[in-house]
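Worksheet for the structure shown next.
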Amino acid sequence: MQLYGSYTSPYVRHCRIALIESGLDFEFVETDPAASARLSPAQRVPFMIDGELQLSDSLAILAHVRGLAGRPLYPCASVLNRLCLATTVLDTAINLFFMARDGVDAGVVPYLQRQQARITTALAELEQQPWTLEAPFDDATLRLGVMIGWAQFRQRIDFSPYPRLQAAHQALLAYPPFADTQPNA
Ligand SMILES: N[C@@H](CCC(=O)N[C@@H](CS)C(=O)NCC(=O)O)C(=O)O
């Protein structure tokens with residue numbers, strides 16, 4: 001089983017955490033954008049090859065790894081909803097990050113202003129949610145954690161208005177599979 005990705009991608013990090021937790025044998029193949037454009041139809045990382053199976057999205061990879069370990073990706077719709085909402089924040093923040101890197105001023109593009117507003121309303125909702133504060137962490141909490149870790153690493157979001165999200169992130173930092181996969185580790 002081979003996981004392709006970079007050490008800074010939060011989606012890749014989530015998959016690495018799941019693989020470490022599973023105890024499955026896997027090879028990590030460091031992959032740059034040129035290689036992911038050549039090797040994955042989504043032209044993104046992560047992607048995974050496991051025998052005949054080729055997976056090109058972190059959620060498919062997580063479902064596969066969790067399935068092999070005998071645990072569902074999510075136990076109920078409300079955990080899935082938290083997982084999706086944290087992913088929405090991450091997708092949106094990364095979109096704005098790449099736009100800013102290409103010199104686009106988000107303040108003058110109405111859709112990008114909506115993207116910014118989406119982050120604010122989604123974080124306000126996530127702040128109200130019940131988070132797991134000790135292991136075992138569910139995949140919604142892990143997705144929240146990799147989102148916060150990435151946003152802090154890239155200095156994209158100020159989390160001071162969200163003390164409960166910060167507390168969940170602190171709890172994750174005491175968990176070795178999370179702490180050992182930090183983007184600057
Ligand atoms: N929905 C995808 C998102 C993956 C993603 O956006 N990966 C980023 C790295 S953090 C990427 O490869 N971006 C390259 C690009 O957008 O061109 C997943 O969950 O795997």
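Both counts, for ligands and for their atoms, begin at 1 and track the order of listing.
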Exercise for the section: Distance to 0.1 Å, residue and atom name: give those for the protein heavy atom nearest to atom 13 (N) of ligand 1. Expected result: R44 CG, 3.9 Å
Handout entry: Charged N-O contact under 4.0 Å between D139 and R71
Key = yes
Exercise for the section: Run the numbers on D138 and T141 for side chain to side chain donor-acceptor pair (under 3.5 Å), then give the verdict. Expected result: CA-CA 6 Å; D138 62 35; T141 310; 2.8 Å; yes
Problem - Protein contact of atom 19 (O) of ligand 1 - nearest heavy atom, named by residue and atom, plus distance - result: S58 OG, 2.6 Å
Handout entry: Protein contact of atom 10 (S) of ligand 1 - nearest heavy atom, named by residue and atom, plus distance
Key = S9 OG, 3.2 Å
Practice task
Take every heavy atom of P46, measure it against each atom of ligand 1, and state whether any distance is under 4.0 Å.
Solution key: yes
Exercise for the section: Using the six-membered ring of F28, assess whether NZ or CZ of R16 lies under 6.0 Å from its centre and within 45 degrees of the ring axis. Expected result: yes
Fill in the blank from the handout: Ranking V12, V45, D91 by closest non-hydrogen atom to atom 12 (O) of ligand 1, top hit is V45
Completion exercise
Residue, atom and distance of the protein heavy atom nearest atom 17 (O) of ligand 1 read Q43 O, 4.2 Å
Practice task
Please say whether more than 12 non-hydrogen atoms of neighbouring residues, nucleotides or ligands are located less than 6.0 Å from CZ in F137.
Solution key: yes
Handout entry: Shortest reach to atom 1 (N) of ligand 1 by a heavy atom, considering only T87, T8, D57
Key = D57
Exercise for the section: Answer yes or no: is there a donor N or O on one side and an acceptor on the other, between the side chain of Q182 and the main chain of G149, under 3.5 Å? Expected result: no
Practice task
Tell me, with the steps shown, if Q129 and E125 meet side chain to side chain donor-acceptor pair (under 3.5 Å).
Solution key: CA-CA 7 Å; Q129 295 295 314; E125 174 60 26; 2.6 Å; yes
